[in-house]
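Here is the structure we will look at.
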Amino acid sequence: MSFRSHMEQALAEARAAAARGEVPVGAVVVAPDGRVAAAAGNRTRELNDPTAHAEILALRAACAAAGSERLPGHDLYVTLEPCPMCAAAISAARIARLYYGATDPKSGGVAHGARVFAHPQCHHVPEVYDGIAAREAETLLRGFFAERR
């Protein structure tokens, strides 16, 4: 099977989140066979839930569909570098590969800040690929926040 990026679908989820007034972050979980297992955008405001980040919602849906708390062999595409909470969930779910777009120097938990995967307490470290459609993700985020300032 050849590589196919699912970042465009993650960006579509981010755009839908922005349209709902949420921070525009989208995530897509891809099963080992290449099918999309779950997709989500941020819903923290809508659900009044600080844990309702795109990654968490997508992981929950993919785990429910798989009937398991772990997703070995699955990939996760997300438009923004995951925060520490999401990075810990990615590790707990045993995601094989993480692809993300924009970096998050302020709140990131992968390449910045807590660097969750670098901690000895981290039980599973996915392969990490950053900068996938970063320009599009950054433009979406900057536009969203510029409208609110």
Side-chain angles (χ1 to χ4, degrees), residues 1 3-47 49-66 68-119 122-145:
M1 179 170 43
F3 174 78
R4 175 178 168 233
S5 176
H6 293 268
M7 191 58 79
E8 189 52 49
Q9 186 174 355
L11 286 163
E13 291 289 341
R15 289 184 202 99
R20 295 189 301 272
E22 302 278 358
V23 174
V25 177
V28 176
V29 177
V30 180
D33 65 4
R35 70 177 168 73
V36 173
N42 275 357
R43 291 185 181 273
T44 58
R45 290 179 176 217
E46 177 186 337
L47 299 175
D49 180 355
T51 69
H53 290 195
E55 301 95 308
I56 300 294
L57 296 174
L59 289 171
R60 285 177 183 162
C63 285
S68 175
E69 77 281 11
R70 295 193 176 154
L71 299 168
H74 287 66
D75 296 342
L76 175 64
Y77 289 81
V78 62
T79 58
L80 181 65
E81 175 184 350
C83 72
M85 173 185 71
C86 292
I90 290 164
S91 176
R94 305 303 196 263
I95 290 293
R97 284 165 295 282
L98 167 65
Y99 301 90
Y100 69 85
T103 61
D104 190 354
K106 180 180 173 190
S107 301
V110 176
H112 298 89
R115 294 183 172 95
V116 170
F117 301 141
H119 281 262
C122 185
H123 296 292
H124 171 78
V125 178
E127 294 175 31
V128 177
Y129 302 91
D130 63 353
I132 310 298
R135 184 172 296 140
E136 295 90 334
E138 290 165 1
T139 299
L140 187 57
L141 287 159
R142 282 195 182 107
F144 177 83
F145 288 113

Looking at [atom1] of [X] and [atom2] of [Y], how far apart are the two atoms once the value is rounded to the nearest 0.5 Å?
| X | Y | atom1 | atom2 | value |
| --- | --- | --- | --- | --- |
| Leu98 | Asp75 | CG | CG | 9.5 Å |
| Tyr99 | Met7 | OH | CE | 10.0 Å |
| Leu76 | Ile95 | CG | CD1 | 5.5 Å |
| Glu13 | His6 | CD | NE2 | 13.5 Å |
| Leu47 | Asn42 | CG | CG | 10.5 Å |
| Thr44 | Ile56 | OG1 | CD1 | 12.0 Å |

Quick one: closest heavy-atom pair of [X] and [Y], and the distance?
| X | Y | result |
| --- | --- | --- |
| Tyr100 | Ala111 | OH-CB, 3.5 Å |
| Ala39 | Gln9 | CB-NE2, 3.7 Å |
| Ala93 | Leu59 | CB-CD2, 4.1 Å |
| Leu57 | Ala52 | CD1-O, 3.6 Å |
| Ala40 | Ala58 | CB-N, 3.8 Å |
| Gly26 | Ala14 | N-CB, 3.5 Å |

Taking the side chain as every heavy atom from C-beta outward, state whether [X] and [Y] have any atom pair closer than 4.5 Å.
| X | Y | answer |
| --- | --- | --- |
| His123 | Arg94 | yes |
| Asp104 | His112 | no |
| Val25 | Glu55 | yes |
| Pro24 | Leu141 | yes |

### Message
Between the side chains of Glu81 and Lys106, is the shortest nitrogen-to-carboxylate-oxygen separation below 4.0 Å, so that they form an ion pair?
### Response
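Salt bridge between Lys106 and Glu81, a charged N being under 4.0 Å from a carboxylate O: no.
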
Between [X] (side chain) and [Y] (backbone), is there a donor-acceptor pair under 3.5 Å?
| X | Y | answer |
| --- | --- | --- |
| Thr79 | Gly101 | no |
| Ser68 | Arg70 | yes |
| His74 | Pro72 | yes |
| Ser91 | Val125 | no |

### Arg20 atom CZ: more than 12 heavy-atom contacts under 6.0 Å
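Enclosed: over 12 neighbouring heavy atoms sit under 6.0 Å from CZ of Arg20.
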
### Task
Take Asp49 and Arg43, measure what side chain to side chain contact (heavy atoms under 4.5 Å, CB included) needs, and give me the verdict at the end.
CA-CA 8 Å; Asp49 180 355; Arg43 291 185 181 273; over 6 Å; no

